[in-house]
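Working notes, structure below.
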Amino acid sequence: MLTNLKQWKKIILSLPDEEFFDIMRNYLGELKTPFNKHLLIEQLLAFLSKEETVERIISLVNESDAYLLTLIYSLGGPTTKVLFSFVQDSQSFLEYQNHILNLEERLLIYKEPDTGRIRLSPIFKEILEKQILDTRLVFPSEKITDQTASPPWFSEALLIAMISFLKNSPDLFKLDGELKKRSLDELSSIFPLLFSGDSQESRFEFLFKVLQKLHLLTEKDGKVWIHYENVNNISKLPILTRYTLFIAAAATGSKDLKVISKRAELLSSFLFSLPEGRGFSFPTLLSFLRFYSRSEKLDEKELRQIIDSLITTEILHYQGKDVYELNPFFSELLHGSNDEPVFIIQPSFIITAKPWITLETGLPLALSSNILKYDIFAEYEITKQSCIKIRQIDMTHIDLLNYLETMSGNSTPQNIKTSLEHWALDYNTFQLFEGVTLVVSNPRRVVVDHLETLKPFIRSNPAPGVYIFNKEDEKEWSKLLNEAGLPVLTGSSEVTEAQNETINFEEYQKKGSLSPKITFIEQERPADRNSPSFINELKKVMEEQNFSRTEHEDILARIERKLILFPRQLQRALKSKDKAEVGGLDYTGKVRLIQRALDSKRTILEIKSTAIPGDTNRILIKPVSVNHEGANLILLAWTLPEEDEIEIPIRKISYVKLLRSSLYAPVSG
């Protein structure tokens with residue numbers, strides 16, 4: 001059953017008269033005057049609504065048609081130029097242009113006159129979705145039956161464990177950037193999977209690079225500082241946004257967070273739309289990613305880096321024989337399908353963290369305990385010293401107890417509760433301040449002690465002339481001291497400045513990035529792609545009629561273009577009698593043909609000229625104007641599809657052919 005009839009009537013009524021009546025004559029035969037457009041449209045709808053008509057139209061859709069129709073549907077209404085960019089490797093622009101025009105003539109697609117966007121015909125859209133469109137034609141894939149994937153090594157569970165490790169072991173590298181032997185031995189013991197695999201770059205290097213680019217840690221002179229506020233900020237983002245930021249940071253050479261966030265948005269759409277349980281080849285994945293990145297205009301090298309990063313992190317799981325699938329374990333992580341508690345707490349102060357723990361739920365664990373062993377299940381230990389870092393995210397021991405019970409789903413063992421309480425009391429008997437210490441000699445102390453505007457910034461005054469300030473407030477208190485005549489050299493290092501560069505990651509989060517941009521449609525289409533039998537019947541009936549040679553050629557061409565469905569459509573004189581091509585010495589004929597193209601605004605020209613560089617001297621153009629230069633006429637035009645401006649003397653044109661570009665819309669520039 002045809003749908004969206006009102007919308008389709010409006011589209012057909014917008015056609016210029018020539019195109020409108022060409023369609024009516026083709027499908028309805030000879031038209032009686034006077035013409036009533038609305039009545040003709042109703043007659044055409046009555047013809048198209050017949051079950052036999054629909055069956056014949058759909059039966060004539062071959063593999064090439066289905067591919068282009070699916071691509072139009074998938075791209076959500078592309079322009080001519082965008083659509084051609086997806087098929088240019090397999091066909092010339094002229095072949096593509098003829099194919100688009102043919103689908104328009106068969107009423108399967110149309111071009112919006114205002115925008116030039118190509119869309120599926122509203123009356124056939126539902127039928128095409130149910131019977132023809134098949135995303136596998138555009139992005140070939142295969143069903144994965146053997147689910148052998150393991151959880152990806154790159155996960156937020158690993159990030160949590162690494163933060164726990166780095167908070168206690170900042171002195172990792174030699175001055176030349178190489179890992180110290182002690183650090184390497186310790187990392188290899190706790191994180192054996194970070195130093196496995198075939199990649200030239202170790203997984204540790206990959207992970208460290210990601211954390212640096214996102215300003216989650218800083219390394220200077222071999223020492224590593226964690227930026228806890230940034231870690232806390234990024235943990236508040238949606239889980240897919242976090243993962244795509246991590247991968248984008250690895251995949252791009254840029255350290256600019258705006259660039260990284262754009263790549264992350266691209267990855268969100270890409271990963272969210274990959275169907276589960278289907279395998280893709282590397283070239284298909286590239287094509288798929290190219291589809292999402294068409295507005296970004298990424299080069300092939302960066303597209304490959306993104307896919308390589310997804311493979312390196314095992315978010316794309318290699319099935320063998322150049323087949324990759326979205327790791328089902330990664331999909332589970334994104335959708336939060338596991339509602340089980342993420343901790344197991346033992347009276348021995350050992351906490352076992354399960355693999356589906358997230359950065360948001362696991363950050364307090366990283367800051368309150370020490371990683372002992374990282375595997376599918378990670379083991380942590382709570383100690384008196386390990387609990388100090390919870391202050392980095394403003395947690396108290398009571399907050400920590402509530403957190404442990406929430407994450408484990410059980411009451412915390414009594415001995416751990418008691419220990420946490422005792423440790424809190426011990427720490428409250430003395431205070432360790434992390435900040436900037438200002439030491440003032442005796443003659444100047446009175447200035448600082450009596451500067452009322454400075455007092456809110458002093459965290460502690462542990463001894464006469466000793467003042468502790470927050471690093472975060474340095475601009476404010478430095479200004480006040482300078483205004484009071486006390487210029488201060490704080491001794492802040494580049495590391496400290498970088499460490500305190502707080503990032504608001506929400507600024508880089510694009511709204512709606514999780515919405516899939518493509519819907520996968522699959523059809524059980526027959527393997528037999530031969531022409532339907534009624535085509536031969538039409539040719540047989542045509543041969544039996546008394547048509548002239550010209551009429552015979554015209555009707556046969558319309559049969560081949562799939563415009564004739566029934567014998568009653570075999571009509572004479574449907575083809576325009578105006579000449580459509582001129583060659584040789586007919587200068588006047590060439591000028592007239594060019595002028596017809598200029599008047600039409602829906603036609604393009606195929607021309608051959610010695611003034612055109614190249615082997616064939618033949619190109620497609622959209623004429624813009626004809627200008628006089630002395631006694632010569634100069635054709636100004638755009639080349640297609642490049643849209644480069646070109647000037648050609650008409651006297652140097654040896655051949656010109658008029659081609660209709662669209663039934664519906666003028667040729668866009």
- Kindly give the heavy-atom pair with the smallest separation between Ile58 and Leu128, and that separation in Å. CD1-CD2, 4.2 Å
- List in chain and number order the residues that pass side-chain contact (heavy atoms from CB on, under 4.5 Å) with Ser281, two or more places apart in sequence or in another chain; answer none if no residue qualifies. Pro283, Thr284, Asp322
- Do you know the tightest heavy-atom contact between Leu563 and Gln569? O-NE2, 3.1 Å
- Note on the structure: Residues at least two apart in sequence or cross-chain that pass salt bridge (Lys or Arg N to Asp or Glu O under 4.0 Å) with Glu104, listed by chain then number, are none
- Query: Just checking, is any N or O donor in the side chain of Thr53 or Tyr27 under 3.5 Å from an acceptor N or O on the other one?
  - Reply: no
- Counterpart residues, ring pair (Phe, Tyr, Trp, His ring centres under 6.0 Å), relative to Phe124 (two or more places apart): none
- Sorted by chain and number, sequence neighbours left out, side-chain hydrogen bond (donor to acceptor under 3.5 Å, both in side chains) with Glu581 holds for Tyr655
- Those residues that, when tested against Glu560, pass salt bridge (Lys or Arg N to Asp or Glu O under 4.0 Å) (two or more places apart): Lys539
- Item | Test side-chain hydrogen bond (donor to acceptor under 3.5 Å, both in side chains) applied to Arg117 - qualifying residues, sequence neighbours left out | none
- Item | CZ (Arg592) with more than 12 external heavy atoms under 6.0 Å | no
- With Arg290, which residues qualify under side-chain hydrogen bond (donor to acceptor under 3.5 Å, both in side chains), at least two apart? Glu300
- Task: Not counting sequence neighbours, which residues clear ring pair (Phe, Tyr, Trp, His ring centres under 6.0 Å) with Tyr96? List them please.
- Result: Phe84, Phe93
- Residue pairs meeting salt bridge (Lys or Arg N to Asp or Glu O under 4.0 Å), one or both in residues 26-42, sequence neighbours left out, come to Lys9-Glu42, Asp17-Lys37
- Residue set satisfying side-chain contact (heavy atoms from CB on, under 4.5 Å) with His628, at least two apart, ordered chain then number -> Leu633
- Check side-chain contact (heavy atoms from CB on, under 4.5 Å) between Pro122 and all other residues, then give those that pass, not counting sequence neighbours. Asn4, Gln7, Trp8, Ile11, Tyr110
- Query: With sequence neighbours excluded, what pairs up with Asp599 under the side-chain hydrogen bond (donor to acceptor under 3.5 Å, both in side chains) test?
  - Reply: Gln595
